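So the structure is just underneath, and the comments pick up after that.
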Amino acid sequence: MFAAQIVQGVTVGVAALIAIMGAFGVVGLRNPVHNALSLVATLFGVAVLYVAQGAYFLAAIQVIVYAGAIVVLFLFVIMLLGVDKVQSLAKERSSATLLLGGALGAGFAVMALVAALAGTGWDGAITGEQSVTGVLDSTNDLNQLGEALFTKYVFAFEITSLLLTIAVVGAVVLSRKPKGDPIDLDEFPPIVSDTEPEPAEVES
Amino acid sequence: MISPSFFLAVGAVLFGIGAAGLLIRRNPLVMFMCIELMLNAVNLTFVAFANKLNDVGGQVVVFFVLVVAAAEVVVGLGIIVAIMRRRPGADADDLSLMKG
């Protein structure tokens, strides 16, 4: 029993580490293909954390839909546009912007942590209202999820189908080749050259 | 049994990294990936509370977030493809035509 707890703790710790390292990879790596593959690592780590909390169906959906479909879509667009070559490498933010962005991100993290832990009474004991829809049984999460989805949340579920239809129509409309003349470059000036000097780095 | 606070902390860290990435990166595709990261962090928080509060509602919300994220990615990537087709190599700072 004690060994099982150690194994669970180690598994969850490693999964959380993989998720956070993957997140750093998404933000930090320069090549968009590497970003997408780091995103896969994060998604798998989060899926393992779902399993550790008894949400088996959501873990499966996470792997199939996110890692299997959404990331493949990302990679497909990266290859289609050919942005994996040079573009995003040359231009980077100045160090001041990096610092500001990092500080704002850390602030967001602290805020989210405080907001979440305020509901747990800071020691893991959740102080909120307990279940009114029935006790969650981790051996049977799919049945419970399906039952809730088709009874209490059935209206939201139906609206979801409308949303997906709209998304499909929107994607088809957006990805058609534009008719008419190519774009006027006087109205849309060309992108500034990458060799522009970096103002923040000059003084030394 | 692992404390739910651990999962909430991991979720908060992932959300912070995603938010920072959204602010500092300029490639629209990478910005989109950072949004996915933030959505995942929120999903993790929902699952942690659903598990601890013994309420399946949190998992239902995660299911809906997954659906909305899929729709969002489809439309967003369509927009990015449309922009890149007109102006190859555009990044977030170049798309300033609507700035007054």
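A, B, ... follow the sequence lines: proteins, then strands. Residue 1 opens every chain. Keep in mind that the numbers below use all heavy atoms, side chains included, and drop hydrogens, waters and symmetry copies. Everything numeric in this text was worked out from a predicted model, so none of it was measured.
In terms of heavy-atom pairs under 4.5 angstrom with chain A, the leader among B:V10, B:V42, B:T45, B:V67 is B:V67. Most heavy-atom pairs under 4.5 Å with chain B: of the set A:I70, A:L39, A:L58, this distinction falls to A:L58. Contact tally against chain B (heavy-atom pairs below 4.5 Å) for A:L49, A:T160, A:L163: the top residue is A:L49. Counting heavy-atom pairs closer than 4.5 Å to chain B, the top-ranked of the candidates A:L104, A:L145, A:V110, A:V46 is A:L145. Counting heavy-atom pairs closer than 4.5 Å to chain B, the top-ranked of the candidates A:A148, A:A36, A:S38 is A:A36. Note: A:L73 leads A:L43, A:V172, A:V65, A:L73 in heavy-atom pairs under 4.5 Å with chain B. Top candidate by heavy-atom pairs under 4.5 Å with chain A, chosen from B:L37, B:V13, B:V81, B:V74, is B:L37.
In this structure, the portions of A:A156 lying under 4.5 Å from any heavy atom of chain B include both its backbone and its side chain. Using a 4.5 Å cut-off between heavy atoms, A:L29 contacts chain B through its backbone alone, with no side-chain atom that close. A:A69 does not touch chain B: none of its heavy atoms, backbone or side chain, sits under 4.5 Å away. When heavy atoms are compared at a cutoff of 4.5 Å, B:F6 approaches chain A solely by way of its side chain, counted from C-beta outward. No part of A:F76 comes within reach of chain B, as not one of its non-hydrogen atoms sits under 4.5 angstrom from that chain.
Aromatic ring pairs are classed by plane angle as parallel below 30°, tilted from 30° to 60° and perpendicular above 60°; the pair B:F15 and A:F108 is perpendicular.
Across A:V51 and A:A59, no two heavy atoms sit closer than the pair CG2-CB, 3.5 Å. B:R25 and A:V26 make their closest contact through NH1-O, 4.1 Å (heavy atoms, listed as atom of the first residue, atom of the second, distance).
In this structure, A:F24 places its CZ atom where only 12 or fewer heavy-atom neighbours from other residues, nucleotides or ligands lie under 6.0 Å away.
Using a 4.5 Å cut-off on side-chain heavy atoms (C-beta onward), A:V27 and A:N35 make no contact. Two residues are said to be in side-chain contact when any heavy atoms from C-beta on lie closer than 4.5 Å; A:L149 and B:F63 meet this criterion. Between A:F157 and B:V60, every side-chain heavy-atom pair lies at or beyond the 4.5 Å cut-off.
Side-chain contact, A:Q62 with B:N40: a donor N or O sits under 3.5 Å from an acceptor N or O.
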